[in-house]
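No experiment lies behind these values; they were computed from the predicted model shown.
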Amino acid sequence: MDHQQPAGSPGAAPRCPMHGADFAADPHLVYDQLRAQGPAAPVEIAPGVNATLVTGYETALRVLQSPQLFVRDSRRWKDLNEGRISLDSPVLPMMAYRPNCLFTDGAVHLRLRKAVTESLDKLNITRIRRDVEPIAAYLIDQFSERGRADLLHDYAKLLPLLLFNKLFGCPADIGDRLTGAMAALFEAQDPNEALRANEELNASLMELIALKRREPGDDMTSWLIQHGAGLTDEELKDQLVMLMGAGIEPERNLISNTLLTLLTEDSGRGTGMLIEEALDHVLWNDPPIANYATHFPVQDMDLGGTVVEANSPVVISFAGANTDPALKEARQARSAGAHLAWGAGPHACPAKSPAQVIAVAAVEAILNALPDLQLAVPADQLQWRPGLFHRALVALPVRFGPTPATRVASALGNGAMPAARPTPAEQPLRAQAPSAPRPAEPQRAGRKGGFWSTFLDLFRV
């Protein structure tokens with residue numbers, strides 16, 4: 001056992017920085033370097049934050065499918081409890097404990113997950129596609145006359161935000177505030193900005209829960225309230241935050257990464273690749289959540305030669321495990337679902353089917369609307385957003401032949417555009433991500449609404 005090194009010990013292998021531009025540009029180079037040390041290796045996932053990253057497929061499955069040995073409750077995190085992790089560390093929002101089914105174990109996890117999964121089961125493919133199509137039409141109409149767009153910020157980012165407002169049954173004013181708060185939370189550049197966005201998000205969700213207790217509807221919020229688990233308002237809020245956070249950021253990355261795959265000349269639509277094939281390619285090679293599912297071993301554990309101390313974080317590299325050379329010969333024979341992009345074990349993503357339907361419908365809608373769509377810059381010149389957890393583009397600039405903005409009329413089924421349709425301002429494509437919108441304030445009489453209330457006014461939903 002001389003080859004074994006405790007993660008974080010003085011003699012351990014040099015830690016690989018996973019929080020800079022180099023990692024964002026070529027994460028698979030980093031995974032290959034780490035895999036040379038074994039199926040798991042010590043890393044620094046943020047300045048001063050040490051963890052073990054699992055890049056081996058079989059080892060990842062072992063962790064994901066062993067809830068008695070590896071738990072999700074991050075209140076066990078030894079370094080955090082002993083003050084070695086700064087409270088303003090950028091990874092804390094994704095790793096610190098929250099009382100939802102992502103960070104709980106055992107009976108508590110089963111109770112919360114049952115409420116979530118049985119509420120999600122009430123969504124069906126027909127309903128999801130029905131909700132995606134008018135939102136897609138609305139967004140495409142905002143830029144189709146320009147002949148150019150940034151499909152990340154003009155489309156892939158906004159579609160999940162608006163869709164979740166619909167699925168959660170948000171009225172106009174609450175939906176505007178939720179949309180602004182979620183956007184600001186994902187794009188926050190400093191802790192104070194993130195704190196303000198989080199406070200607005202929590203307040204908006206508590207207002208939505210109170211409304212749905214009084215006036216239930218045919219939506220996820222009402223179904224969670226009515227579930228036999230009897231969730232409290234705080235529990236409801238935490239499950240809604242989890243569902244929105246786990247749905248919006250990964251979904252926009254899945255949509256944009258799938259579009260990029262299809263628009264890349266030598267491997268996309270030009271080769272006859274189908275949308276479903278492109279989506280599967282993304283899930284295998286560049287999953288939208290690349291590294292996550294933090295677990296904490298209940299005792300010191302040997303992961304293929306790396307000894308991980310009890311109560312220290314073990315992060316699963318879905319991207320690294322999916323590209324493990326040990327799978328090279330087996331990948332062709334494995335089913336599409338053999339990848340780990342959706343996780344595995346008791347905490348596997350419960351929204352796998354809806355997420356895929358949303359992405360396929362969103363990609364299909366824009367390719368049908370703009371059939372000559374193409375990248376505005378070579379694929380190798382696109383920039384990727386730094387960060388450990390996601391595989392996310394900075395922007396996805398495209399060009400196409402300008403077309404009239406008539407898709408909303410078709411979605412309305414009346415053949416005429418309503419006068420209320422907003423006209424977007426001409427803006428040049430940005431090489432860098434735009435700053436996040438500030439959370440919207442509650443709507444007042446006579447005040448122009450945000451994206452969601454404009455959509456509701458347009459479609460009279």
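- The pair Asp32-Arg35 meets the salt-bridge criterion, with a side-chain N (NZ, NE, NH1 or NH2) lying under 4.0 Å from an Asp/Glu carboxylate O.
- Using a 4.0 Å cut-off between charged side-chain N and carboxylate O, Lys166 and Asp131 make a salt bridge.
- With sequence neighbours excluded, no residue satisfies side chain to side chain donor-acceptor pair (under 3.5 Å) with Arg72.
- Ser74 contributes no side-chain N or O that, together with a main-chain N or O of Trp77, makes up a donor-acceptor pair within less than 3.5 Å.
- Asp150 places no side-chain N or O within 3.5 Å of a backbone atom of Ala395 that could act as its donor or acceptor partner.
- Proximity of a side-chain donor or acceptor of Thr323 to a complementary backbone N or O of Gly320 within less than 3.5 Å is detected.
- Salt-bridge annotation for Asp233 and Lys237: absent, with no side-chain N of the basic residue lying under 4.0 Å from a carboxylate O of the acidic one.
- One finds no salt bridge joining Arg130 and Glu133 here, because no Lys/Arg side-chain nitrogen approaches an Asp/Glu carboxylate oxygen to under 4.0 Å.
- Among Ser256, Pro27, Pro250, the one residue that satisfies the side chain to side chain contact (heavy atoms under 4.5 Å, CB included) test with Arg391 is Pro27.
- Using a 4.0 Å cut-off between charged side-chain N and carboxylate O, Arg148 and Asp154 make no salt bridge.
- Checked options Asp324, Asn322, Thr55, Asn291; the residue passing with Tyr31 is Asn291 (criterion: side chain to side chain donor-acceptor pair (under 3.5 Å)).
- Between Asp219 and Ser222, the side chains place a donor N or O and an acceptor N or O closer than 3.5 Å (distance only, hydrogens not considered).
- Between Glu364 and Asn368, the side chains place no donor N or O within less than 3.5 Å of an acceptor N or O (distance only, hydrogens not considered).
- No side-chain N or O of Asp105 forms a donor-acceptor pair with one of His109 less than 3.5 Å apart.
- For Lys114, the side chain to side chain donor-acceptor pair (under 3.5 Å) partners are Glu118, not counting sequence neighbours.
- Nearest approach of Phe103 to Met94, heavy atoms of both residues: CZ-O, 3.5 Å.
- Looking at Gln239, its side chain does come within 3.5 Å of a backbone N or O of Cys101 through a donor-acceptor pair.
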